[in-house]
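Everything numeric in this text was worked out from a predicted model, so none of it was measured.
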Amino acid sequence: MRRFSLLHPLWMAFYDGAIYEDAARHWRNRTFLYLLLLLALTWIPFTLQMQNQVDEWVSREAPFYIDQVPDLSLSGGELSSSSSEPTLLRDRDGTVLAVIDPTGRYTSLEDTEAPVLVTRTQIFIRGEGDQVDVTSLPDGPPETLTREDLYIIADWTRSLVNTLLFPILLVLSYAYRTVQTLLYAYVASFFTASAGGALPYRTLLNLAIIAITPAIVLDTVHMLMESPLPDWFWWPACVLLSLGYLRFGIRVTLDAERQAAA
């Protein structure tokens, strides 16, 4: 009979072998439901952080940039502006981020330090070194972009993040973690041989799902840190941590089976 609920591995997976034994012997498919619960809980703080950042940018930063952009019209591959002067889009430090100039005063990026230049018919983008990518404006039906349109796009982006960010992160991470545990369970088959026993692959998969709990929880904390550790160190450390807990769970389960058989 199952001894622990779906919530218990959230903390017991860090230190208590009983949760590994219980999941191995009694949980069956419940471990996949637990994995979904674990990922949902750990994505909540990151999602809230991202939503707050996007909301703050849309409320405070977006108007600063949008108010610098004149009404723009594109027809037949040619751009026109409501301003008779070139528009220099700047950040709050005064650095020019882009130049919009249908007037012809700026004809190439040699005329400005901005990384982007939009002329009457072309877009210039400064790449690495002296490389410059030049693209012609699309030759399509007439279109107009106003400041009101940009405010609508900013609000739409905020709504999109608030609505879809969490489910997208949850679905993608669930698929990734499922594949990860399938691989860990395969690797674990070698652990069982070295431990002097044998466990079914389905049991190893249950153990693998519980074993990745510490890495997922710590990875959530790591994402929320202002100065996270470098990826070249962090990701291998998470893999080793998960495999270490998996080996621990295998030993606990095998010891429990030996005691039950004695």
Side-chain angles (χ1 to χ4, degrees), residues 46-169 171-172 176 223-235:
F46 177 80
T47 302
L48 292 176
Q49 183 186 65
M50 290 298 300
Q51 289 174 343
N52 290 336
Q53 290 177 353
V54 171
D55 183 71
E56 182 177 2
W57 190 88
V58 171
S59 300
R60 298 184 180 182
E61 296 298 321
F64 174 80
Y65 295 100
I66 292 175
D67 291 344
Q68 298 181 53
V69 180
D71 293 346
L72 301 172
S73 298
L74 181 64
S75 178
E78 294 189 354
L79 182 70
S80 60
S81 170
S82 61
S83 174
S84 59
E85 297 291 329
T87 299
L88 276 63
L89 183 63
R90 302 177 184 271
D91 63 14
R92 291 191 178 275
D93 296 329
T95 303
V96 179
L97 302 177
V99 176
I100 304 174
D101 181 25
T103 68
R105 184 177 302 179
Y106 293 86
T107 58
S108 72
L109 286 176
E110 296 178 359
D111 302 327
T112 175
E113 295 182 356
V116 178
L117 169 63
V118 183
T119 66
R120 186 175 184 83
T121 59
Q122 294 178 310
I123 301 176
F124 298 79
I125 300 177
R126 196 189 308 274
E128 297 182 359
D130 297 329
Q131 181 181 357
V132 176
D133 295 327
V134 182
T135 304
S136 297
L137 293 175
D139 185 5
E143 296 182 6
T144 301
L145 182 67
T146 66
R147 291 177 180 173
E148 289 74 16
D149 294 330
L150 293 175
Y151 277 108
I152 292 173
I153 293 173
D155 287 334
W156 177 80
T157 301
R158 173 167 50 191
S159 299
L160 195 65
V161 170
N162 290 338
T163 304
L164 297 181
L165 179 61
F166 180 77
I168 289 175
L169 290 175
V171 170
L172 292 179
Y176 166 72
M223 285 191 299
L224 299 175
M225 293 171 57
E226 294 184 0
S227 301
L229 297 172
D231 289 341
W232 62 263
F233 169 81
W234 182 250
W235 291 111

Out of curiosity, [X] [atom1] to [Y] [atom2], how far, rounded to the nearest 0.5 Å?
X	Y	atom1	atom2	value
Asp155	Ile152	CG	CD1	8.0 Å
Trp234	Met223	CH2	CE	10.0 Å
Trp57	Thr157	CH2	OG1	8.0 Å
Leu89	Phe64	CG	CZ	8.5 Å
Ser81	Leu74	OG	CG	12.5 Å
Asn162	Asn52	CG	CG	9.0 Å

Please test Leu97 against Tyr65 for side-chain contact (heavy atoms from CB on, under 4.5 Å), starting from the C-alpha separation and ending with a verdict. CA-CA 10 Å; Leu97 302 177; Tyr65 295 100; 3.7 Å; yes

If I compare all heavy atoms of [X] with all of [Y], which pair ends up nearest, and what's the gap?
X	Y	answer
Pro142	Ser75	CG-OG, 3.7 Å
Leu137	Gly77	CB-O, 3.7 Å
Ala114	Val96	CB-CG1, 3.6 Å
Val58	Pro63	O-CD, 3.3 Å
Ser84	Thr103	O-CG2, 3.5 Å
Ile125	Leu109	C-CD1, 3.9 Å

Check whether any side-chain N or O of [X] sits under 3.5 Å from a backbone N or O of [Y] as a donor-acceptor pair, and report yes or no.
X	Y	answer
Ser82	Asp71	yes
Arg147	Asp67	yes
Asp101	Tyr106	yes
Gln68	Thr87	no
Thr95	Asp91	no
Asp149	Thr146	yes
Glu78	Thr121	no

Test Glu113 against Arg126 for salt bridge (charged side-chain N to carboxylate O under 4.0 Å, His left out), laying out the working first. CA-CA 9 Å; Glu113 295 182 356; Arg126 196 189 308 274; over 6 Å; no

Do you see a donor-acceptor pair shorter than 3.5 Å between the side chains of Asp111 and Thr107? yes

Classify the side-chain pair Arg158/Ser59 by whether it contains a donor and acceptor separated by less than 3.5 Å. yes

Determine whether Thr119 and Phe124 make a side-chain contact, defined as any pair of heavy atoms from C-beta on separated by less than 4.5 Å. yes

For residues Ser159 and Trp156, determine if any side-chain heavy atom of one lies less than 4.5 Å from a side-chain heavy atom of the other. no

Quick one: do Gln51 and Leu48 satisfy side-chain contact (heavy atoms from CB on, under 4.5 Å)? Show the steps, please. CA-CA 5 Å; Gln51 289 174 343; Leu48 292 176; 3.8 Å; yes

Would one find more than 12 heavy atoms of other residues, nucleotides or ligands at under 6.0 Å from atom CZ of Arg60? no

Applying side-chain contact (heavy atoms from CB on, under 4.5 Å), run through Arg92 and Glu61 and close with a yes or a no. CA-CA 9 Å; Arg92 291 191 178 275; Glu61 296 298 321; 3.0 Å; yes

side-chain contact (heavy atoms from CB on, under 4.5 Å) evaluation trace for Leu79 with Leu72: CA-CA 7 Å; Leu79 182 70; Leu72 301 172; 4.1 Å; yes

